[in-house]
Each structure stands twice: as C-alpha cells, then as structure tokens.
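Values below: every heavy atom of this structure, side chains too, minus hydrogens, waters and symmetry copies.
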Amino acid sequence: MWFFVFFIIRYLTIALPGLYLINHTNFVNSANKPGKWATTVVALTLVLHIPQFPTVEYLKSISLWLAFALLLISWVLYMKRFLVELKKI
C-alpha cells in the first residue's frame, strides 16, 4: 500500500507542476533515464506480484525496493528541473 501511495503522490507532484509550466511558459518536460528504468522495474514487480511464484519470493522485495529507489531518484530530478524553470518565471 505504501508503494502505491508514493507512486500516486510522485505522479501528481510531477504532473501538476508540468501542467502549470506548459500553460505559463514554453517549457515542456521530458522523461529522464531513471524514470524509464523505474517503469521497467515496476512492470517486473507487477509480473512478480500478480501470479504467485514461491520460488522467486526474494525477487519481489528486491524489485519493489529497486523500483522505489529509481522512482525516488527520478522524482528528485524532476523537482530540481521544475524549481529551475519556476525560478525563471
């Protein structure tokens, strides 16, 4: 549950400033590499969690924490980029 809450908060805190900047500047945000890697790891995490594979139980927590770390890094990079752009206004 905590991962889902983090995922939604991250999404909203990226989407809302992005929409504001699109509407008030010429800035269009682009994806970053950690975010692309995070998408892949989140998909892997879902594949590991939906069907029950008891032999790969340890991979569930590894993929979840790796996805969290990559999403967090990606989120920090987005926030830095947004702050730079917002200071220009």
Side-chain angles (χ1 to χ4, degrees):
M1 179 69 174
W2 65 269
F3 184 80
F4 179 71
V5 171
F6 168 74
F7 193 84
I8 296 300
I9 291 170
R10 177 190 174 272
Y11 178 77
L12 289 174
T13 58
I14 291 171
L16 295 176
L19 287 171
Y20 178 82
L21 288 171
I22 285 173
N23 289 323
H24 293 87
T25 67
N26 292 328
F27 178 77
V28 177
N29 203 10
S30 60
N32 57 36
K33 293 230 188 242
K36 290 180 180 187
W37 278 98
T39 302
T40 303
V41 177
V42 168
L44 173 66
T45 303
L46 288 172
V47 166
L48 291 172
H49 276 82
I50 292 174
Q52 296 301 317
F53 297 123
T55 56
V56 293
E57 194 67 34
Y58 67 97
L59 287 178
K60 290 180 180 182
S61 59
I62 292 172
S63 65
L64 184 69
W65 285 105
L66 181 58
F68 173 73
L70 289 168
L71 287 169
L72 188 62
I73 291 167
S74 171
W75 181 69
V76 168
L77 293 173
Y78 276 120
M79 292 302 107
K80 283 179 155 181
R81 194 180 313 161
F82 285 147
L83 288 174
V84 167
E85 290 300 318
L86 287 170
K87 286 181 182 179
K88 292 179 184 177
I89 298 177

Could you tell me whether the side chain of Leu21 reaches within less than 4.5 Å of the side chain of Ile89, counting heavy atoms only?
yes

When rounded to the nearest 0.5 Å, the distance separating OG1 of Thr45 from CD1 of Ile50 is 10.5 Å

Using every non-hydrogen atom in the two residues, find where Arg81 and Ser30 come nearest and quote the distance to one decimal.
NH1-O, 2.8 Å

Can you tell me how far CG of Leu72 sits from CH2 of Trp75, rounded to the nearest 0.5 angstrom?
7.0 Å

Working to the nearest 0.5 angstrom, can you tell me the gap between Leu19 CG and His24 NE2?
11.0 Å

d(Lys80 NZ, Glu85 CD) to nearest 0.5 Å is 15.0 Å

Should Tyr58 and Leu44 be regarded as members of a common hydrophobic cluster, given that ILVMFWY residues are connected when their side-chain heavy atoms come within less than 4.5 Å of each other, either directly or indirectly?
yes

Around atom NZ of Lys60, are there more than 12 heavy atoms of other residues, nucleotides or ligands at under 6.0 Å?
yes

Take a 6.0 Å sphere around CG of Asn26 and say whether it holds more than 12 heavy atoms from other residues, nucleotides or ligands.
no

Check Val41 against Ser63 and note the closest heavy-atom contact, atom names and distance.
CG1-O, 3.3 Å

For a 4.5 angstrom cut-off between non-hydrogen side-chain atoms, does Leu66 reach Leu70?
yes

Determine, using the 4.5 Å side-chain heavy-atom cutoff (strictly less than), whether Tyr78 and Phe7 are members of one ILVMFWY cluster.
yes

Are Phe27 and Leu86 linked, directly or through intermediate hydrophobic residues, by side-chain heavy-atom contacts shorter than 4.5 Å (ILVMFWY only)?
yes

Heavy-atom side-chain proximity of Tyr20 to Phe82 below 4.5 angstrom:
no

Please work out whether the ring planes of Phe3 and Phe6 are parallel, tilted or perpendicular, with thresholds of 30° and 60°.
tilted

Measure across Met79 and Thr13 and return the closest heavy-atom pair with its distance rounded to 0.1 Å.
CE-O, 2.9 Å

Check whether Ile9 and Met1 end up in the same hydrophobic cluster, where Ile, Leu, Val, Met, Phe, Trp and Tyr are linked by side-chain heavy atoms less than 4.5 Å apart.
yes

NZ of Lys88 to CG of Leu83, rounded to nearest 0.5 Å, is 12.5 Å

Looking only at heavy atoms, what is the nearest atom pair of Leu12 and Pro17, with distance?
O-CD, 3.9 Å

Determine whether Phe68 and Leu71 make a side-chain contact, defined as any pair of heavy atoms from C-beta on separated by less than 4.5 Å.
no

Check: Ser74 main-chain N/O paired with Arg10 side-chain donor or acceptor under 3.5 Å
no

In the structure I gave you, are the side-chain heavy atoms of Leu64 and Trp2 within less than 4.5 Å of one another anywhere?
yes

